[in-house]
Amino acid sequence: MITLLKTAILLNTSWKSICQGPVSKLSEKVHVLPQTVLYIADAETFSGHEDCHGQKKARKRNSKETAISLEKLLPKRCQVLGLVTPGIVATPMGSRGNRPQEIEDGEAGFALLFPKIDGVKIHTFHLFKDLKNKVFDESKFAEAGLKNNPDLRVVLLFGYNSWRTGATRFLHQIINPLNEKSIILAGGHVENFTSLTSENGNNQPGDSCGVVGLAFSGPQIQSATVLLDQDVVDERTAEAAMQRLKAANIPEHNTIGFMFACVGRGYQHYKTKRNLEADAFRKFFPSIPLFGFFGHGEIGCDRIVTGNFILRECNDVKDNLLHGYTTVMTLIHLGSTKPNQV
C-alpha cells in the first residue's frame, strides 16, 4: 500500500464479516488513526442478510444498520462518507501487487481510511436542495469549504436522488461556481448515501436531491482527470485515454486513482470483455491503487491541476462536466509528507 493510505482496508468479500465481527478485525490493521473515511458498497451488500444465531432464517439488514455496524469500528471524531452504488471498482487491500477489479455483480465494498496528513485537509460536505426555496443559498459553499479557499485543489462530488424533479438544475447550481481551471471536479451519481458525519453534523433529507462529497485542500496536492467518452470502445482507445492521463506527469508516489463509470459500460460496453478500463489504468499506473464505482451519470472532464497548468484550454468556455455512458479517471497526489502518528 502507498504510504499515506496504509490504513486503507479493502472490504471486498469479507465486508459482512468485518461489519458483524469484533472491532479487532479492523483495528488490528490500523497503525494510524483515520480522520476521514470513504466507504462504498453495492446495494446488495446493504440490503443483504446477516446470520442470526439460534434462528433458522437469516434476518434481512437495512442500510442504516450496516452503516452503524461499520462506524462503530471508527474513531468518534472521524468524518465518514458512505455511498451505495450499483457496482464498485477496487484494488484488493490497496496493494500495488494486486490487479484492480471492476465488480459489476455480487456483494462487494471497500473503505479508504485517510489519516491526518501534514499540509493536506480532507473534509466531507453535503449540499441539498431546499424544497421551500428555488434559489440555492451560495453561502452554503463557504460553510462547506468550497468558497474563499485558495488551497482547494480537488472536489469529489456524488449526486443522489438525481431522478427527482429539479435535480439537474440544482446540480448545475453546485457545479457551475466550482467549474474553475484551478480545481479538479470528478464523481458521479449514486443510488444513495448511508452516512455523512462531519463537524457540521449534516443530516440527509429524505425527499430532496443533493450532493455529498470530499474536498481536498493543500498546496502540495496535484491532480488530473480524463474522460473516456462513448468513442472509447476497445482496448486501444481506452489505453489512449490513459496515455493522456500519464502525460499529466502527476507523481505516482502517495497517489490514489479513482474511476467513476456508467453502469452501461463495463463488460456490456466492451462486448463481454471484463475489467478492460481498470486493466488499461494498471498498464500505465501499476503502482497506483484504483477505487471507484459504477453509477448513474458521471462528473468530470480532461483537466490537470498542477499549479495553474491545465490540460485543455476552452477559450474561456467552461468545460461540460455532466455526462452519461462515460468513465472519468482521476489521479490525486497527496504530496510527499508522511501521515502523523496519533
Side-chain angles (χ1 to χ4, degrees), residues 85-91 99-105 154-159 162-163 168 171-172 175-176 178-181 183-190 223-250 256-286 288 290-306 309-332:
T85 63
I88 72 159
V89 179
T91 302
R99 175 192 183 198
Q101 300 173 22
E102 299 177 17
I103 306 172
E104 301 178 60
D105 304 302
V154 182
V155 178
L156 299 183
L157 290 163
F158 311 112
S162 57
W163 51 271
T168 300
L171 188 57
H172 278 289
I175 287 179
N176 288 345
L178 296 173
N179 192 3
E180 302 172 1
K181 299 304 179 186
I183 300 173
I184 287 289
L185 298 176
H189 295 280
V190 301
S223 184
T225 56
V226 294
L227 177 71
L228 284 67
D229 60 22
Q230 297 180 30
D231 293 332
V232 177
V233 295
D234 54 24
E235 188 174 1
R236 179 186 62 82
T237 50
E239 290 184 359
M242 297 307 121
Q243 287 177 325
R244 297 202 309 276
L245 192 58
K246 188 78 172 181
N249 292 320
I250 301 296
I256 185 170
F258 286 100
M259 172 178 164
F260 306 114
C262 176
V263 291
R265 293 183 76 88
Y267 69 89
Q268 298 181 49
H269 178 67
Y270 291 105
K271 296 180 171 57
T272 71
K273 185 167 185 179
R274 294 181 178 271
N275 225 69
L276 190 145
E277 292 179 347
D279 285 343
F281 178 90
R282 191 187 187 204
K283 180 176 180 179
F284 289 88
F285 304 99
I288 298 179
L290 181 67
F291 301 94
F293 59 76
F294 290 89
H296 302 293
E298 302 76 58
I299 301 170
C301 66
D302 278 22
R303 183 178 292 182
I304 296 173
V305 173
T306 54
F309 174 68
I310 61 171
L311 179 64
R312 181 165 55 87
E313 293 285 357
C314 296
N315 299 319
D316 296 326
V317 177
K318 291 187 176 181
D319 295 317
N320 179 19
L321 294 172
L322 302 181
H323 308 278
Y325 211 61
T326 64
T327 296
V328 174
M329 289 287 191
T330 305
L331 294 176
I332 302 177

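Count residues from 1 along the sequence.
A salt bridge links Glu235 with Lys273: at least one charged nitrogen is closer than 4.0 Å to a carboxylate oxygen.
Counting heavy atoms from C-beta on, the side chains of Cys262 and His323 never come closer than 4.5 Å. Residues Cys301 and Leu321 have side chains in contact (heavy-atom distance under 4.5 Å, counting atoms from C-beta outward). Counting only heavy atoms from C-beta outward, the side chains of Leu156 and Phe258 approach each other to under 4.5 Å. Residues Arg303 and Asn179 are in side-chain contact: their nearest non-hydrogen atoms beyond the backbone lie under 4.5 Å apart.
With sequence neighbours excluded, the residues forming a salt bridge (Lys or Arg N to Asp or Glu O under 4.0 Å) with Glu239 are Lys283, listed by chain and number.
Minimum heavy-atom separation, Thr225 to Ala186: CG2-CB, 4.1 Å. Considering all non-hydrogen atoms of both residues, Leu276 and Ala238 come closest at CD2-CB, 3.5 Å. Taking both residues in full, the closest heavy atoms of Phe284 and Lys246 are given as O-NZ, 2.9 Å, listed atom of the first, atom of the second, then distance. In plain terms, the two heavy atoms of Phe294 and Ile88 that are nearest each other are CE1-O, 4.0 Å.
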task: Before giving the answer on side-chain contact (heavy atoms from CB on, under 4.5 Å), spell out for Tyr267 and Asp105 the whole-Å C-alpha distance, their side-chain angles and the decisive distance to 0.1 Å.
output: CA-CA 11 Å; Tyr267 69 89; Asp105 304 302; 3.6 Å; yes
query: Leu322 and His172: side-chain contact (heavy atoms from CB on, under 4.5 Å), yes or no, with the steps?
result: CA-CA 9 Å; Leu322 302 181; His172 278 289; 3.5 Å; yes
- request: Check step by step if side-chain contact (heavy atoms from CB on, under 4.5 Å) holds for Leu331 and Leu245.
  value: CA-CA 8 Å; Leu331 294 176; Leu245 192 58; 3.8 Å; yes
- prompt: Would Thr330 and Ser223 satisfy side-chain contact (heavy atoms from CB on, under 4.5 Å), going step by step from the backbone distance to the final call?
  reply: CA-CA 7 Å; Thr330 305; Ser223 184; 4.1 Å; yes
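A tilted orientation is assigned to the rings of Phe260 and Phe293, their planes being inclined by 30° to 60°.
With rounding to the nearest 0.5 Å, the separation of OG1 in Thr327 from CE in Met259 is 5.0 Å. In this structure, CG on Leu290 lies 11.0 Å from CD on Gln101, to the nearest 0.5 angstrom. The OG1 atom of Thr85 sits 14.0 Å away from the NE2 atom of His189 when rounded to the nearest 0.5 Å. Rounding to the nearest 0.5 angstrom, the gap separating the CG atom in Asp302 from the CG atom in Leu228 is 8.5 Å. Atom CD1 of Ile184 sits about 12.5 Å away from atom CG of Leu178, to the nearest 0.5 Å. Residue Leu157 holds its CG atom at 6.0 Å from CD1 of Ile175, rounded to the nearest 0.5 Å.
Side-chain N or O atoms of Glu102 include one that pairs as donor or acceptor with a backbone N or O of Ala278 at under 3.5 Å. For the pair His269 (side chain) and Tyr325 (backbone), a donor-acceptor distance under 3.5 Å is absent. Here the side chain of Arg274 pairs no donor or acceptor atom with the backbone of Gly266 at under 3.5 angstrom.
Donor-acceptor pairing under 3.5 Å is lacking for the side chains of Arg282 and Asn275. Checked by atom type, the side-chain pair Tyr270/Glu277 shows a donor-acceptor distance below 3.5 Å.
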